[in-house]
Every structure is written in C-alpha cells, then in structure tokens.
Number of protein chains: 2
Amino acid sequence: MTNDGGKRDPSAKRDKSAKRGLTSAEKVLGVLSLFSTERPVWSPERAAVRMRVSLATGYRYFNTLVAAGMLEKLNRNRYVLGPAIVELDRKVRAADPVLKLAQPVMERLLRRLREPAAILLCRYYRQKVMCIHQETNRGGEPVSSYERGTLRPMFRGATSKVILAYLPPRTIVDLWRDHRREIVAAGMGPGFEDFKAALRALRREPVNVSSSEVDAGRTGIAAAIFDASGRVNGSLSIVLLSPPANKRAVARLTMAVQAAAREIERGRGMAPTKAG
Amino acid sequence: MTNDGGKRDPSAKRDKSAKRGLTSAEKVLGVLSLFSTERPVWSPERAAVRMRVSLATGYRYFNTLVAAGMLEKLNRNRYVLGPAIVELDRKVRAADPVLKLAQPVMERLLRRLREPAAILLCRYYRQKVMCIHQETNRGGEPVSSYERGTLRPMFRGATSKVILAYLPPRTIVDLWRDHRREIVAAGMGPGFEDFKAALRALRREPVNVSSSEVDAGRTGIAAAIFDASGRVNGSLSIVLLSPPANKRAVARLTMAVQAAAREIERGRGMAPTKAG
DNA sequence: GTGCTAATTCTCACATGCTGAGAATTAGGC
DNA sequence: GCCTAATTCTCAGCATGTGAGAATTAGCAC
C-alpha cells in the first residue's frame, strides 16, 4: 500500500514468510498498490504484466475489485481506484476516537495563532508517518501537502521525530535494519547505539522543534500523543509556513501544542464499541 | 461495500452470476463490508460466523487484510478498518479531476451566500448517491451528515433527483426493479411509465429544488454535472440549513448553482493520465 | 450503418492452494 | 508466573484459481 516498491511489511514474521508465494487474495489486494498519484490509471493488461499473472487473470483481478467497488472502470481499458474506498474512509474517520477528540482541539489551537500555520494530527504507519487530519488558517492550498492520507518521512521533521522517539523497541530495531542509511543521514548515526541515544535525547524534551527538515523554510513544533496504556498513538504539531519571529514565539507555541496534546489524551478512556 | 445486506451489484450480469459461489478474494473483500459506523470493531471469530467460514479461515482473512493495511488490530480480538484505506482515499482525491475542478468553484459559490449553507458535490454509486466533497460556511458540525463518503437516498432530495433524472436507461430499469417501493413512496409511481414520466419532468427543469425530503427544514438546490460525452457525472448542490426567505432568493441560488455546474463542466476536457 | 481492431470474456484441463478440524502454541490479564 | 482465551499450525482432500487460446463483444473510423 505504501508503494515502497513491493517491499513486504518488515514487522511481519521474517523467518518463513519469504518462502511461500502470495495467496490469491493478497495478489488481488496487491493490485491496489499499483495505483499511485503519479500513475492513477491502469489497464488490466499492464497490471497483469506487473503482477506476473496472465492476461486472463489480470482481468479476473480487476473484475473482482470492480465488483467490490475498490476499482472503477473509467472506460475501455482504463481503471481507477473506486468509490468504495471513499465510503470506507468515511467509516475510518467515524471510528477514529482520537480524530474525534482532536478535531475541536486543533480548531481551537489554530484560532489562537496569528501567523499562517497548519495544525497536523499524524500517526505511525508502516515505517512512515501518516497525516490523519489537518487544520489550516490559510485558504487550504499552500499546505496541501499535509492533507489526510499523506505520508511523511520517518526521520525528518518534528511531526515524525516526536513519534519515533517513543516507538516500541521492536519497531526501532526494524527501522534501524531497514533504514540505516536514512537514519545516519538524519544525523542519528552512525551506530545503533547512537540512534538509540538520539531517541533518548528526543524523549528528554516534551516537544520537538525542527526547521527546514522536510520543507525548506517551514518549522514544525510537535508533541506526542499517548494512549491510555502509555503507548505512542501519534503526534500533534504546529507547522509554521514561515520562520518564527523569535524565541519567545516558539516558547509560546511549544506550550500551546503540549497543552493541546494533553487535552486530547484527557478525552480518551471511554472504550470504543466492544467486539464480539 | 454499501452495506445493503449482501445484495449483489445489480448492474452485473444477472443470468449466471447467481449460481457460482464467491471467489476467495471476493470473500476477503467482503469482510470489509462488515465494518460499519454502527459496528466498527470486529473479531475474526464473529466475522467467520457471519461469512460462513471456519474460524481458521476467519483468521486467515483478517491476516491478509491486516497485511494489506486494510484492517488494523486494535488489540487482542478487536480489529478496525486500517490506514491503507486512508492512504487510498488520498489517491482517489488526487486522481479525481471533477473534484479538483469543483473545489475552487464550490468555495467561490459559498462565499457569495449570506445564509448558512453547505455546498455539496455528489455522484452516483450503487443505486445511491455519494457525497464527494462538502464546503460549508458554518463551523463544520451542523452539516456533518453530508461529509465525504456519506450515502444519500436515491429518490429523495434535490442532490439525488437531479442525478437520477439523467441516469442511463439500463440503470433506470435496474432501479425500478430493485426499489419500486421506494420510488412509489417518493411519488414517482405507481407504474414504470409514471416513473419515466417523472424523470422526464425532472429533465425539463435545469435545476431541481426540493424541501424537507431528506432532512426536515432543509432545502436543496441542485444542478447536474455532465462529462464530456454528455453522461451525468454527478451533481452540485446548495443545501440551505433553514428555509429560504422568498422566491427571489431561490431564483438567485438557482442561477448560481447552475452557473457553477457549467463552470465545472467547462474545466474538463484535458484527458487524465493515459493508461498503457 | 458497416467493418475493423483491440478489449474482454469464455472454455477447459490441470494442479495449485484454499479449506475445515483439531492440536499446538502464544499472549494478556489477574 | 499461572490461566484461559486468542491465534497459529498441521495436514489431507478437493474446490477453485490459473494459463492458453478461442470466441465474443464493444468502441471507433469511415
């Protein structure tokens, strides 16, 4: 799904999974990850080649995805991601307790800001950080790169680093194994011990402030959000579109984002619908 | 996906599809439609019972969906729809040319309105109408029932009726077959000829105005949006939260929504990315 | 309309791999 | 660190997914 070139989820069992071929349903679902912003339209033929299946099977896959609404036939030979996805995301939003809690807090936080900024709610997803919700005091456009569903780099930017700092040890090990190069480039190397030390350092500050690490000229001020059992759930961050005026301004925003994160945490507790 | 109780897509071949059982991938995808706003959390066991498969297979289905990111394990026994859906919807939005064109038009249209209102962009989807985008001049909350991904009834409300009016004959026949009761209740019966006459009547007006058909006290003013080959693509509508002041106000809004729809249509033409 | 070509479905035989039942194992909670 | 429920594993049997190619359909040009 992450379009990372077909690399399997590294948090899955690493021992035997490599051997066994993909199940049929996995291959069908895999078709969805062919679709990207750069290449939003696919034909069954081209997909069949990419998935290493016959043309007939390519059509079979597309047909079952179309039947599920996950794909939509634009016209002869041209398919795009389908409306079922839109409907599903609505359900995801409706079922997300953190989003529900965070939204009003984010709106309130934004209203207190005088400078052009965006407030971001993000979470960890597959060795990256995904934007869940954005509030902005501009006409939307200038910060559109942070909209819901966008992925951000794991090791750069306050939004990500504040999550990274608190990820469970297993995940940290996996990240080191899979992204050593990137970690070193971000100044958290060169060894695993250095990386862990960098994370400890991040944990010492309640809020992370980073400038121009993702987008030039932008400053992120981020606080982690924890769930009831103390695990990191995501992050809340203020993204300033232009460099902050002075130290005092940064201090003020630091306080504000931290307070907002704590407020979101306070709202949790009531368990969502019970599963049977 | 529409949660319509497992009813199959009626636009599919109706002759032989009934006989053959579901393919494996179809069943896996079918699991996703168990999740709803009312019941957002499922266990593999309960899903296995609902899908008429063994417990082991229930776990297998959940595992492949989790591997694809379509489901996420909250904790032991509790699964929710996963972040891959969020990521996919981002791609859907990025690939939607109508949305891209409509958004600025909708913002501009909204700014011209003095009264509390929402502007809706909608489309046909599986015998219903789905909201694709919403712009509102209130604090979001009071019109939240129209947010992206929401389904609206096919035969009530201006937003839907203006689409219904131009659906292809095949679809109309299917709708009559599957929703006769509802159509009659909406005053478009009692016979198929009456239904077709009602649609003709709708087509005679460029804009449809309906009051309190979906939500009490609300008025919808909607215009159809057509694609380059003249097929109905969706609808643009103004939803007034309180009854309009007078006839003149309605006439003004009618003009405005129609002009906006034409503006969106004018923007199309440039073909999206070519498929291979 | 008529014909052309490419897209799409169909047929069928084969073997892959999905399935259910139950045993074995793992993991949370007290 | 126990205990019970959750989850995975094993395995045999057969349903069904698969590829190759033929048959059909649908869009498009003239």
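These figures come from a predicted structure and were not determined experimentally. Letters A, B, ... are given to chains in the order of the sequence lines, protein chains preceding strands, and every chain is numbered from 1.
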Looking at [X] and [Y], does any basic side-chain N land under 4.0 Å from a carboxylate oxygen?
| X | Y | value |
| --- | --- | --- |
| A:Asp174 | A:Arg177 | yes |
| B:Asp89 | B:Arg93 | yes |
| A:Glu263 | A:Arg266 | no |
| B:Arg262 | B:Glu265 | yes |
| A:Glu72 | B:Arg123 | yes |

Calculate the interatomic distance between [X] atom [atom1] and [N] atom [atom2]; express it in whole Å.
| X | N | atom1 | atom2 | value |
| --- | --- | --- | --- | --- |
| B:Glu26 | C:dT19 | CD | C1' | 17 Å |
| B:Trp42 | D:dA6 | CH2 | P | 16 Å |
| A:Arg52 | D:dG19 | CZ | P | 12 Å |
| B:Asn63 | D:dA6 | CG | C1' | 12 Å |
| B:Tyr59 | D:dA5 | OH | P | 12 Å |
| A:Phe62 | C:dA7 | CZ | C1' | 13 Å |

For D:dT16, take OP1 and OP2 only and decide whether either is under 4.0 Å from a side-chain N or O of B:Ser24.
no
Is there a side-chain contact between B:Lys27 and the phosphate of C:dT19, meaning an N or O under 4.0 Å from OP1 or OP2?
yes
Once you round to the nearest 0.5 Å, how far does CG of B:Asp178 lie from OG1 of B:Thr171?
11.0 Å
Looking for any heavy atom pair under 4.0 Å, which part of the strands does A:Asn75 touch: base, sugar-phosphate only, or nothing?
nothing
If you only use heavy atoms from C-beta on, which nucleotide in [options] is closest to the side chain of [X]?
| X | options | result |
| --- | --- | --- |
| B:Tyr61 | D:dG19, C:dT19, C:dT9 | C:dT19 |
| A:Val53 | C:dT19, D:dT7, D:dG19 | D:dG19 |
| A:Asn77 | C:dA7, D:dG19, D:dT7 | C:dA7 |

Measure up the A:Phe155 and A:His179 rings against each other and bin them: parallel (under 30°), tilted (30 to 60°), perpendicular (over 60°).
tilted
A:Tyr79 vs A:Phe62 aromatic rings, parallel, tilted or perpendicular, using cut-offs 30° and 60°?
perpendicular
Is it the case that the side chain of B:Tyr61 and the backbone of B:Thr64 share a donor-acceptor pair, with hydrogens and angles ignored and the cut-off at 3.5 Å?
no
Comparing nearest nucleotides in DNA chain C, the 5'-proximal residue of the pair B:Leu55, A:Lys73 is A:Lys73
In short, the helix from C:dG1-D:dC30 to C:dG29-D:dC2 is bent end to end, axes from five pairs each side, to 10°, by 80°
For every nucleotide of nucleotides 20-26 of chain D, 5' to 3': is a protein heavy atom under 4.0 Å from its base (B), only from its sugar-phosphate (S), or from neither (-)?
B----BB
